[in-house]
**Q** 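Here you go, one structure.
Per chain, numbering begins at 1; letters A, B, ... match sequence-line order.
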Amino acid sequence: MKPTPMQTIPLKQSRTLRIEILRHNPADPDSHPHLQVFEIEEAETMTLFIALTEIRQTQDASLQFDFVCRAGICGSCGMLINGRPGLACRTLTRELPDTIRLAPLPGFELIGDLSVNTGKWMRGMSERLETWVHRENIEAIDIDAVEQRMAPELAEQLYELERCIECGCCIAACGTAQMHEDFVGAAGLNQIARFRLDPRDTRSDADYYELVGDESGVFGCMTLLGCEDYCPKNLPLAVQLAFLRRKMARQGL
Amino acid sequence: MQGLSGLLLVLFVWAHMFFESSILLGKDAMLWVTHMFEGVHVFGEPYPQLVSAAALVVFLLLALHAGLALRRLPARAREYRAIHTHLRSIHHADTTVWYVQVVTGFALFFLASAHLIQVMLQPDAIGPYASSDRIWSGRFWILYALLLITVHVHAGAGFYRLVMKWGPLTAANAAALRRRTRTLAIFIVGFFLLLGGASLATYMKIGYEHRALVGERYVPGSHADLNGGE
Ligand code: HEM
Ligand code: FES
């Protein structure tokens, strides 16, 4: 029996994706940055994580990129996707054009190809802004006693800001951070907003002002709003920055 | 400080537009406004020094604002490269608007200074004919056309940024406030460009018609023979 025309037409034409990857290995003195082009068949519900893994398994085992959770939780897979920062594991290829250009996040130390050392940057920021609970008289706390209760709304607010996965997209999306290396960015300022809310942290606005009341902190922000627009976790960064700016300006007066 | 100096300049420029466009209501209306700034309505006679003093204050404000802005700009080659690479890569609307603000700011440094210095040095040369003659016969319309566009684009972008920086943002309203402020800023810029464009065209027309009598001052009610020179 001859196949009917309907049977010969594939249900959905699958695309051949052209993936251009900016490659460079700073550890190799002979390496120089260049674009390498890979072609792969797009699969249904393919993410960039799946595409990159396929390239590494079938075409070039030396390709470097980072993934851990594959679910937008660990923050390892941030990269520039057609020039814009985003998480590769949360980006579906079907939302992208036939040609996809990938590059490492700018503003961080390059480990190799698409892999950057966001951890080093985040650690530096964290140490500088002291992003941990400061408590006076910590030795006097009775650790056997039941913890003090927190109002659910406050816990909710804290949790909202705690959702930052330190993927570095806000730093790569921020013109100010790209220009000024010592700017702590939305990732840093969000941390300050988070500990400021926390009743267990006994620091005052004067203490926070010491940390972020200058041009490398909240007053360096030029409100370009790249952080707000490219945060993969949709954190309310514009609001937090405006809030912190008001508090710090009042403190500075 | 950057924001405060910017805010004052924006308020000044927007108010200025209404005074300047009094010419649309006629020469007598503009003369009245001119007299107001020269203190005629208070002292009974003109004191053009008041105009010079006002221009000086605005000039100092402008210098302060420009000086503060300078610190924000890429100073080293690395920073300059970084911001340009970033702009080309991300194609992000608000970042691009900021860049437009930097470029117009740079142009304003020359255009606005030129205008203010002229007003400071010749405070008495303002009036329905004096201004029109300068604009047409003195070819100041070129300066004013460029100044009109750059200052309003710069001020509109600055207004949007100030609202996003210091405005009443809350988690619930941030997105809507941003959208509305952007629309409002575009509307305001469009409005002032139309108002300023119409005023400038009017000054040019008066200047053209008065080109043979350059130097003659407008006397209310006299209606000097406009076509006398032809
Ligand atoms: C000498 C001329 C000028 C220069 C060089 C200049 C430069 C700049 C630059 C580079 C910025 C961006 C800086 C930042 O975002 O932090 C800026 C912001 C701004 N400018 Fe100007 N400007 C000039 C004149 C004006 C004038 C005449 C106005 C008023 C119409 C104005 C109003 C503003 C406002 C409201 C902002 C936003 C302030 C903020 O973001 O906090 N500027 N200016
Ligand atoms: S792999 Fe963890 S966020 Fe993408």
**Q** Which answer fits A:Leu241, side chain, backbone, both or neither, if we ask what part of it has an atom under 4.5 Å from a heavy atom of chain B?
**A**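 Neither the backbone nor the side chain of A:Leu241 comes within 4.5 Å of chain B.
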
**Q** Against chain B, label A:Tyr230 side chain, backbone, both or neither, depending on which of its atoms sit under 4.5 Å from a heavy atom there.
**A** side chain

**Q** Heavy-atom pairs under 4.5 Å with chain A are the metric here; pick the option from B:Ala75, B:Ser89, B:Pro74 that has the most.
**A** B:Ser89

**Q** Should the pair B:Asp94-B:Arg178 be classified as a salt bridge under the 4.0 Å nitrogen-to-oxygen rule?
**A**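 Salt bridge: yes.
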
**Q** Could you tell me whether A:Arg194 and A:Glu160 have a side-chain N and a carboxylate O separated by less than 4.0 Å?
**A** no

**Q** Considering only heavy atoms, which portion of B:Tyr80 lies under 4.5 Å from any heavy atom of chain A: side chain, backbone, both, or neither?
**A**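 Neither; nothing under 4.5 Å.
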
**Q** Is the count of non-hydrogen atoms from other residues, nucleotides or ligands lying under 6.0 Å from A:Glu210 atom CD greater than 12?
**A**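 For A:Glu210, atom CD is not crowded (no more than 12 foreign heavy atoms under 6.0 Å).
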
**Q** Between A:Gln178, A:Arg245, A:Arg84, who has the most heavy-atom pairs with chain B when the cutoff is under 4.5 Å?
**A** A:Arg245

**Q** Please classify the contact of A:Gln240 with chain B as side chain, backbone, both or neither, using a heavy-atom distance under 4.5 Å.
**A**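 No part of it gets close to chain B.
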
**Q** Salt-bridged, A:Asp198 to A:Arg203, with N to O below 4.0 Å?
**A** no

**Q** Run the numbers on B:Val51 and B:Glu38 for side-chain contact (heavy atoms from CB on, under 4.5 Å), then give the verdict.
**A** CA-CA 6 Å; B:Val51 176; B:Glu38 291 175 344; 4.0 Å; yes

**Q** Is it the side chain or the backbone of A:Ala249 that comes within 4.5 Å of chain B heavy atoms, both, or neither?
**A** side chain

**Q** Taking NZ, NE, NH1 and NH2 as the nitrogens, is one of them in A:Asp205 or A:Arg250 under 4.0 Å from a carboxylate oxygen of the other?
**A**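 No salt bridge links A:Asp205 with A:Arg250.
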
**Q** Are B:Glu79 and B:Arg81 close enough for a salt bridge, meaning some N to O gap below 4.0 Å?
**A** no

**Q** For A:Glu228, is it the side chain, the backbone, both or neither that has a heavy atom under 4.5 Å from a heavy atom of chain B?
**A**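 For A:Glu228, side-chain heavy atoms alone lie under 4.5 Å from chain B.
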
**Q** Counting only non-hydrogen atoms closer than 4.5 Å, does B:Thr170 touch chain A with its backbone (N, CA, C, O), its side chain (CB onward), both, or neither?
**A** backbone

**Q** Taking B:Arg88 for the side chain and A:Gly83 for the main chain, is one N or O donor matched with an acceptor at less than 3.5 Å?
**A**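 No.
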
**Q** Please rank B:Arg78, B:His91, B:Met164 by heavy-atom pairs under 4.5 Å with chain A and give me the top one.
**A**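 Top option by heavy-atom pairs under 4.5 Å: B:Arg78.
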
**Q** Sort B:Arg76 into side chain, backbone, both or neither according to what part of it lies under 4.5 angstrom from a heavy atom of chain A.
**A** neither

